[in-house]
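To start, the structure under review is shown below, and the notes come after it.
The residues of the chain are indexed from 1 along the displayed sequence. Keep in mind the model is a prediction, meaning the values are calculated, not measured.
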Amino acid sequence: KFKIKKPYCVIIPGSSPHKLSKRWSAEKYANLANSLYELGITSYLAGTKIERKIAMEVCANSRASEILVDNTSLQELAQIFTKAQFIVGNDTGPTFLAARIGAPTVMIMGDDTNPYMSSPTGSAAEFIYKANIQAITTHEVLSKVREVGGLSDLK
């Protein structure tokens with residue numbers, strides 16, 4: 001159903017529409033996607049219909065992002081996660097799903113999330129927390145992705 005180019009990662013830029021402050025900015029995700037493009041990794045954006053706007057912003061400002069938003073069931077998304085190099089996302093359900101199935105996962109958190117009560121769990125799951133979520137840098141995310149094994153042995 002999906003023509004996904006390998007190697008790839010999945011970016012989950014959305015969050016609850018009632019907690020937009022839980023989102024790392026579209027600009028930051030676009031910078032991440034551009035950095036990954038330079039490494040030869042295609043970024044696919046996942047989420048629901050209500051997150052299409054932020055996904056479109058990321059795509060408009062990055063060279064290698066493609067949208068899967070509102071095109072996958074949870075089962076399909078889980079299958080996509082299992083073959084991804086890694087997943088990066090905000091504090092939102094699909095990021096927790098990726099972590100639980102054992103995919104290398106990094107969650108980005110700000111002061112709206114208590115990392116000690118709501119962090120991802122899984123064999124290769126980590127998080128980055130700063131009170132000001134926008135202060136988290138692309139370099140920090142890439143470093144954390146390396147820690148979870150997301151950039152080793154490209155699939």
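Of all heavy-atom pairs spanning Leu45 and Cys59, the tightest one is CD1-SG, 3.8 Å. Nearest heavy-atom pair across Val88 and Val145 is CG2-CG2, 3.9 Å. Of all non-hydrogen atoms in Val58 and Pro13, the two that sit nearest each other are CG2-CB, 4.4 Å. Nearest heavy-atom pair, Leu36 versus Leu142, reported as atom, atom and distance to 0.1 Å: CD2-CD2, 3.7 Å. The two residues Ile136 and Trp24 make their nearest non-hydrogen contact at O-NE1, 3.1 Å. Shown here for Ala125 and Ala99, the closest heavy-atom pair between the two residues is CB-CB, 3.7 Å.
Looking at heavy atoms from C-beta onward, Lys49 lies out of side-chain contact with Val69 at the 4.5 angstrom threshold. The side-chain heavy atoms of Arg23 and Lys28, taken from C-beta on, include no pair separated by under 4.5 Å. Side-chain contact check for Lys83 versus Tyr8: some heavy-atom pair is nearer than 4.5 Å. By the 4.5 Å heavy-atom criterion applied to side chains, Phe86 and Ile41 are counted as neighbours.
Going from atom OG of Ser35 over to atom NE2 of His139 covers 10.5 Å, rounded to the nearest 0.5 Å. We find the NZ-CG distance between Lys144 and Leu151 to be 13.5 Å, quoted to the nearest 0.5 Å. A distance of 8.5 Å separates SG of Cys9 from CD of Gln85, quoted to the nearest 0.5 Å.
Counting only distance, with no hydrogens or angles, the side chain of Ser15 and the backbone of Lys19 share a donor-acceptor pair below 3.5 Å. Panel note: side chain Thr92, backbone Pro94; no donor-acceptor pair is recorded below 3.5 Å. Side-chain N or O atoms of Ser73 include one that pairs as donor or acceptor with a backbone N or O of Glu76 at under 3.5 Å.
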Scan the side chains in residues 126-133 for donor-acceptor partners under 3.5 Å anywhere in the protein, sequence neighbours excluded, and list what turns up.
| residue | atom | partner | partner atom | Å |
| --- | --- | --- | --- | --- |
| Lys130 | NZ | Ala135 | O | 3.3 |
| Lys130 | NZ | Glu140 | OE1 | 3.1 |
| Lys130 | NZ | Glu140 | OE2 | 2.9 |
| Asn132 | OD1 | Gln134 | N | 3.0 |

Could you pull out all donor-acceptor pairs under 3.5 Å where a side-chain atom in residues 106-116 meets a protein atom, sequence neighbours excluded?
| residue | atom | partner | partner atom | Å |
| --- | --- | --- | --- | --- |
| Asp112 | OD2 | Ser21 | OG | 2.1 |
| Thr113 | OG1 | Asp91 | OD2 | 2.7 |
| Asn114 | OD1 | Tyr116 | N | 2.8 |

Working for side-chain hydrogen bond (donor to acceptor under 3.5 Å, both in side chains), residues Gln79 and Thr82: CA-CA 5 Å; Gln79 290 172 343; Thr82 62; over 6 Å; no
Stepwise side-chain contact (heavy atoms from CB on, under 4.5 Å) test for Val10 and Ile80: CA-CA 8 Å; Val10 180; Ile80 291 167; 3.8 Å; yes
Check against side-chain hydrogen bond (donor to acceptor under 3.5 Å, both in side chains), Asn34 and Tyr29: CA-CA 9 Å; Asn34 285 332; Tyr29 276 116; over 6 Å; no
Audit row: Tyr44, Ile4, side-chain contact (heavy atoms from CB on, under 4.5 Å) steps and yes/no: CA-CA 8 Å; Tyr44 289 86; Ile4 296 179; 3.5 Å; yes
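Linking ILVMFWY side-chain heavy atoms closer than 4.5 Å, directly or via other members, places Phe2 and Ile12 in a single hydrophobic cluster. Under the 4.5 Å side-chain contact rule for hydrophobic residues, Ile101 and Leu74 share a cluster. Tracing side-chain contacts under 4.5 Å through hydrophobic residues (I, L, V, M, F, W, Y), one reaches Val141 starting from Leu39; they form part of the same cluster. Under a hydrophobic clustering in which Ile, Leu, Val, Met, Phe, Trp and Tyr are joined whenever their side-chain heavy atoms come within less than 4.5 Å, directly or via other members, Leu97 and Leu68 fall into the same cluster.
Atom CZ of Arg52 has more than 12 neighbouring heavy atoms from other residues, nucleotides or ligands inside a 6.0 Å radius.
In this structure Ser43 satisfies the side-chain hydrogen bond (donor to acceptor under 3.5 Å, both in side chains) test with no other residue, sequence neighbours excluded.
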